[in-house]
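Reviewing the structure listed below.
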Amino acid sequence: MTELPERPAETVAPKYDFAHAEPAWQAAWDKAGCFTAVDVPTGDKPKYYVLEMFPYPSGKIHMGHVRNYTLGDVVARYKRARGFDVLHPMGWDAFGLPAENAARQRKTDPASWTYENIATMRGELKRMGLSLDWSREFATCDPEYYGQQQQLFLDFWAAGLVERKQSAVNWDPVDNTVLANEQVIDGRGWLSGALVERKILSQWFLKITDFAPDLLAGLADLPRWPERVKLMQENWIGRSEGAEVTFPLVGADAGITVYTTRPDTLFGMSFLAIAPEHPVARTLAESNAAVAAFVADCASQGTSEAAIETAEKKGFDTGLKVVNPFNGETFPVWIANFVLMEYGTGAIFGCPCGDQRDLDFARKYNLPVPVVVSPTAGEVPEIGNKALDGDGFIVNSGFLDGMTTKAAKGAAIAKLEELGAGKSVVNWRLRDWGISRQRYWGCPIPVIHCAACGPVAETKLPLVLPKDVSFDKPGNPLDHHPHWKHVTCPKCGGKATRETDTFDTFIDSSWYFARFTAPKSATPTNMAAVNHWLPVDQYVGGIEHAILHLLYARFFTRAMRQTGHLAVGEPFAGLFTQGMVTHESYKDADGNWLYPEEVTKHADGRATTEDGREVTVGRIEKMSKSKRNTVDPGVIIERFGADAARWFVLSDNPPERDVEWTETGAQGAFRFVQRLYRIAETIAGEPKVAMPAVFEGEAKKLRQLTHRSIAAVTEALETFAFNVAVARAYELLGALVGDRPADAALLWARREAIEILARLVSPMIPHVAEAANMLLNPGAALVAMQPWPEPEPALLVKDELTVAVQVNGKLKGTITIAAGTDAAVAVAIAKAAVAGALKGQTIVKEIYVAGRIVNFVVKP
RNA sequence: GCGGGUGUGGCGGAAUGGUAGACGCACCGGACUUAAAAUCCGUUGGGCCCUAGGCCCGUGGGGGUUCAACUCCCCCCACCCGCACCA
């Protein structure tokens with residue numbers, strides 16, 4: 001048994017000394033090896049894999065991490081108590097842009113910066129008392145990890161899941177470097193301030209679209225994922241049924257093919273629009289300066305979809321004409337900035353009456369707006385500035401007239417096929433995953449470019465990043481390196497160059513959960529381990545990853561299965577998405593952001609700086625360094641303890657919602673921890689009596705509350721309603737304050753209650769739970785190794801019921817009846833109780849919902 | 001622009017279609033103390049008649065379904081998140 005340090009003698013009031021106790025209990029768990037899992041277990045316990053999204057080592061942990069890892073830890077500890085063999089690992093998502101930025105600013109190198117941050121953050125996480133198996137820790141920037149990742153890539157390549165094609169990037173023409181979307185501020189490079197251009201590069205892609213149908217279908221097999229996340233994924237994958245229609249160009253042999261989900265509105269065509277990157281636009285630009293200028297203008301928009309779709313609609317009439325196969329009329333071909341090259345064919349036919357964007361465009365350029373859809377059959381509505389994009393009936397459309405829009409889609413496609421002008425097509429919004437990044441601090445792409453052989457796989461893995469790089473000039477240091485990229489071709493032995501791009505860091509996080517099952521394996525995975533532990537039973541992380549990370553991980557799992565690296569279908573069987581941690585933000589009179597500790601709040605609601613300058617209290621928003629509204633968990637843990645910090649992030653708010661960090665909330669959590677310990681200490685000092693044969697009165701009530709609490713906390717933990725579990729703990733503890741009872745039965749019931757309470761809160765505040773347990777039962781096993789308490793069914797049964805009595809649905813009073821009383825009796829008592837309200841009324845109907853409510857429907 | 005979400009007292013929130021506001025915070029009152037802190041006890045949605053007690057209103061707004069709606073349906077408003085090179 002662990003010896004706790006003695007409480008300092010000068011402390012007058014008994015006080016739980018978390019600063020000494022918490023590290024001592026952490027050492028005790030370590031020594032007992034409570035949290036270590038084996039790669040391939042031989043026992044017969046059921047497995048449970050709990051995983052939280054691993055952190056980026058940015059410097060220090062933040063409150064979002066505290067929340068995320070506490071949530072996961074509650075699950076891990078609870079499942080362990082329920083008899084599961086739990087795997088709960090931790091690692092570091094260590095590649096990424098911030099390390100390069102730090103390297104540029106601080107003249108350090110990304111590797112040392114990253115590993116120093118990891119050391120700091122590991123210490124902070126350990127101080128939280130998380131039940132992690134630290135023996136499995138790795139960072140994605142460890143060559144042992146990314147070398148295996150390079151192997152996976154080569155296997156994917158051999159399996160045909162990789163291809164090279166062109167794609168657009170944000171280009172800073174001053175710094176001559178590729179910019180990430182977040183480095184583009186209002187269309188300008190964040191450092192140079194230069195207007196950003198779109199530039200086309202040849203890049204590597206993973207063929208995630210090959211799996212689009214399966215990624216969509218697989219969502220149906222994920223009952224323990226939030227509906228909204230599945231819905232977002234479904235929309236992102238974006239299966240749509242429509243048609244490809246080819247419009248012949250007037251005076252040419254060629255045509256332009258568009259994809260449309262609304263072939264029913266083809267008679268409502270007003271124009272045809274193509275993306276600025278469309279081959280037709282590019283060809284025109286070569287010989288036409290005006291076209292070239294317009295295309296260049298569109299290229300200054302940035303590459304993000306939001307930027308493209310919210311920009312003011314702009315178009316350029318190319319002078320080209322196309323023919324509508326349905327009515328033979330000719331229409332102009334425009335280049336339009338809101339048409340996305342990545343979706344469909346990069347060309348649309350414009351039907352202003354049925355599509356808002358087309359209508360906005362038509363109004364701006366005075367194009368006709370033929371009306372072909374009507375909400376009511378047979379009528380032709382007026383179109384103002386609002387398109388009729390819902391379902392309805394087709395009008396003014398020849399052979400489609402009178403059909404519903406739905407029926408007309410089928411009829412139009414059949415006609416297109418008959419005319420040889422188009423065909424039915426299933427289209428996906430999902431695009432192939434571009435994985436090339438022109439950066440240093442990432443996993444090197446293990447490919448060598450040979451003039452004779454083309455791209456060739458690197459044979460010596462891991463292909464390690466060179467350390468002697470310079471960040472003195474913009475662009476990719478790997479590309480500037482004096483000799484790293486100059487190699488010989490592994491195939492022909494001729495001169496060749498290395499690929500200097502690195503992988504998108506999303507790749508690193510797309511399979512780490514698999515690597516955790518056997519982190520030292522000489523191959524990417526150990527089949528026995530990975531197939532035993534996967535899928536992750538409970539994954540916990542931020543809602544901001546609802547689409548990309550989760551989709552990429554689901555894709556990787558499929559690609560790894562296809563290449564023989566694992567045998568499961570889905571990576572995460574259960575998913576929980578937590579909300580953000582927020583805080584008030586503060587600004588001084590000059591508009592500078594202030595840290596919370598720089599602000600003093602006054603009783604009258606005013607806020608000032610220490611030297612009395614006025615402070616504006618801003619919105620409550622996501623904690624971020626730039627707004628300075630952060631609270632350092634390290635400071636909080638030092639002041640209040642790990643348990644208090646954990647209790648706070650679990651209290652009050654449902655975990656899926658945002659939580660606002662408040663000082664008073666933290667103090668409240670601290671008080672609870674202290675109070676729990678104090679009451680445990682009091683009860684431990686009371687006489688230990690034998691279990692009485694009968695419990696009556698207060699003692700029985702307390703036992704009922706204790707066992708109802710077991711049931712309630714258990715249910716709350718099972719459903720991630722941790723705030724409700726916290727409330728139930730407060731309730732039970734509240735029943736234990738007060739003086740030592742004289743009654744032996746009550747003494748026994750009190751001791752039972754506090755012992756059970758310590759175990760019920762142990763997944764949430766494990767340190768003080770151990771401390772209380774030791775006080776009450778010196779020499780007992782660690783709470784971390786004890787099974788979960790079971791309620792006694794007899795104590796969950798209520799012997800009397802409170803029933804609400806309503807007249808016409810309005811509450812008039814309550815009655816208490818013995819359990820098992822039949823409906824007639826209950827109604828009769830209820831009637832007597834509200835006799836006044838029923839006087840002079842005729843009872844039309846009596847409703848009795850057993851044990852809950854009686855409702856009299858009356859009329860005068 | 002597209003996609004997803006949220007909205008309940010002074011605040012965070014609770015509530016299988018069945019007593020709205022559990023539990024916490026804050027506030028106020030009381031006990032203890034030389035005092036403070038800590039601790040313990042108690043009150044607190046709004047309005048009205050008023051002292052017993054009772055009545056009315058109340059879950060972003062407006063409709064609807066139902067004996068009964070925070071909960072289900074329709075419309076609207078406000079705010080938040082994501083949009084493929086931030087992680």
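Each chain gets a letter, A, B and so on, in the order the sequences are listed, and its residues count up from 1. Excluded from the calculations below are hydrogen atoms, water molecules and symmetry mates; all remaining heavy atoms, backbone and side chain alike, are included.
Across B/rC55 and B/rU43, the matching P atoms stand 22 Å from one another, rounded to whole Å. Rounded to the nearest Å, the gap between the C1' atom of B/rG9 and that of B/rG46 is 9 Å. Nucleotides B/rU8 and B/rC79, compared at atom P, are 15 Å apart to the nearest Å. Here, B/rC80 and B/rC70 have their P atoms 28 Å apart, quoted to the whole Å. B/rA69 and B/rU59 have their P atoms separated by 11 Å, with the value rounded to a whole Å. Annotation: B/rA68 and B/rC49 have their C1' atoms spaced 28 Å apart (nearest Å).
Partners of A/Glu846 under the salt bridge (charged side-chain N to carboxylate O under 4.0 Å, His left out) rule, at least two apart in sequence or in another chain, are A/Lys831. A/Arg198 pairs by the salt bridge (charged side-chain N to carboxylate O under 4.0 Å, His left out) definition with A/Glu277, not counting sequence neighbours. Here A/Arg852 pairs with nothing under the side chain to side chain donor-acceptor pair (under 3.5 Å) rule; sequence neighbours left out. For the side chain to side chain donor-acceptor pair (under 3.5 Å) test, residues two or more places apart in sequence or in another chain that qualify with A/Arg262 are A/Asp264. With sequence neighbours left out, the salt bridge (charged side-chain N to carboxylate O under 4.0 Å, His left out) criterion links A/Lys364 to A/Glu312. Applying the ring-ring contact (aromatic ring centres under 6.0 Å, His included) criterion to A/Phe648, with sequence neighbours excluded, gives A/Trp661. A/His545 pairs by the ring-ring contact (aromatic ring centres under 6.0 Å, His included) definition with A/His549, not counting sequence neighbours. A/Tyr343 pairs by the ring-ring contact (aromatic ring centres under 6.0 Å, His included) definition with nothing, not counting sequence neighbours.
Rounded to an integer number of Å, the gap from CG of A/Asn101 to C1' of B/rC85 is 13 Å. We find that CG of A/Asn181 is positioned 8 Å from P of B/rC83, with the value rounded to whole Å.
Between A/Thr505 and A/Glu731, the one whose closest nucleotide on RNA chain B sits nearer the 5' end is A/Glu731. When each of A/Asn653 and A/Met232 is assigned the nucleotide of RNA chain B with its nearest heavy atom, A/Met232 is the one assigned upstream, toward the 5' end.
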Kindly give the atom pairs (protein nitrogen or oxygen, nucleotide nitrogen or oxygen) under 3.5 Å for nucleotides 30-33 of chain B.
none

Between the protein and nucleotides 15-18 of chain B, which nitrogen or oxygen pairs are less than 3.5 angstrom apart?
from: B/rU16; atom 1: O4; to: A/Arg852; atom 2: NE; distance (Å): 2.9

Distances for protein N/O vs nucleotides 44-46 of chain B N/O pairs under 3.5 angstrom?
none

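Side-chain atoms of A/His545 lie closest to B/rA87 of the nucleotides B/rG4, B/rA87, B/rC67. When distances are taken from the side chain of A/Glu305 to each of B/rG1, B/rA87, B/rG13, the shortest belongs to B/rG1. Residue A/Ala180 places its side chain closer to B/rC86 than to any other of B/rC86, B/rA84, B/rG82. With distances taken from any side-chain atom of A/Arg439 to the nucleotides B/rC85, B/rC23, B/rA87, the minimum falls on B/rC85. Distances were taken from every side-chain heavy atom of A/Ala306 (C-beta onward) to each of B/rU19, B/rG1, B/rC56; the shortest belongs to B/rG1. When distances run from any side-chain atom of A/Val737 to the nucleotides B/rU39, B/rC41, B/rC85, the shortest one goes to B/rC41. Comparing atom distances between the A/Glu544 side chain and each of B/rA87, B/rC85, B/rU6 picks out B/rA87 as nearest.
Judged by distance alone, with hydrogens and angles left aside, A/Gln203 brings a side-chain donor or acceptor within reach of the base of B/rC85, the pair sitting under 3.5 Å.
The side chain of A/Arg728 contributes no N or O atom lying less than 4.0 Å from OP1 or OP2 of B/rA22. For B/rA26, one of the phosphate oxygens OP1 or OP2 lies less than 4.0 angstrom from a side-chain nitrogen or oxygen of A/Arg671.
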Legend entry - A/Phe576 and A/Tyr539: CA distance, side-chain angles, deciding distance, ring-ring contact (aromatic ring centres under 6.0 Å, His included) verdict: CA-CA 6 Å; A/Phe576 187 86; A/Tyr539 197 34; over 10 Å; no
Inset, instruction - Output, in order, the C-alpha distance, side-chain angles, deciding distance and verdict of salt bridge (charged side-chain N to carboxylate O under 4.0 Å, His left out) for A/Asp432 and A/Lys165. - result: CA-CA 10 Å; A/Asp432 277 332; A/Lys165 55 186 178 185; 3.0 Å; yes
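Listed here is the closest heavy atom pair of A/Val178 and A/Leu201: CG2-CD1, 4.2 Å. Nearest heavy atoms, A/Arg431 versus A/Thr209: C-CG2, 3.7 Å.
In this structure, A/Tyr146 has its ring center closer than 6.0 angstrom to the ring center of A/Phe95.
Using a 4.0 Å heavy-atom criterion, one finds that A/Arg437 contacts the bases of the nucleic acid, with or without backbone contacts as well. If you check every strand for non-hydrogen atoms under 4.0 Å, A/Val803 touches nothing.
Base-pairing analysis of RNA chain B finds the following stems of at least three consecutive Watson-Crick or G-U pairs, with both pairing distances under 3.5 Å: B:1-7 with B:77-83, B:10-12 with B:23-25, B:28-31 with B:39-42, B:45-49 with B:53-57, B:60-64 with B:72-76.
Here A/Lys230 pairs with A/Glu227 in a salt bridge; the nearest charged N to carboxylate O distance falls below 4.0 Å.
A syn orientation is assigned to B/rG9, its glycosidic angle lying within 90° of 0.
Using modelled atom types, one finds no donor on one side chain facing an acceptor on the other under 3.5 Å when comparing A/Asn476 with A/Gln438.
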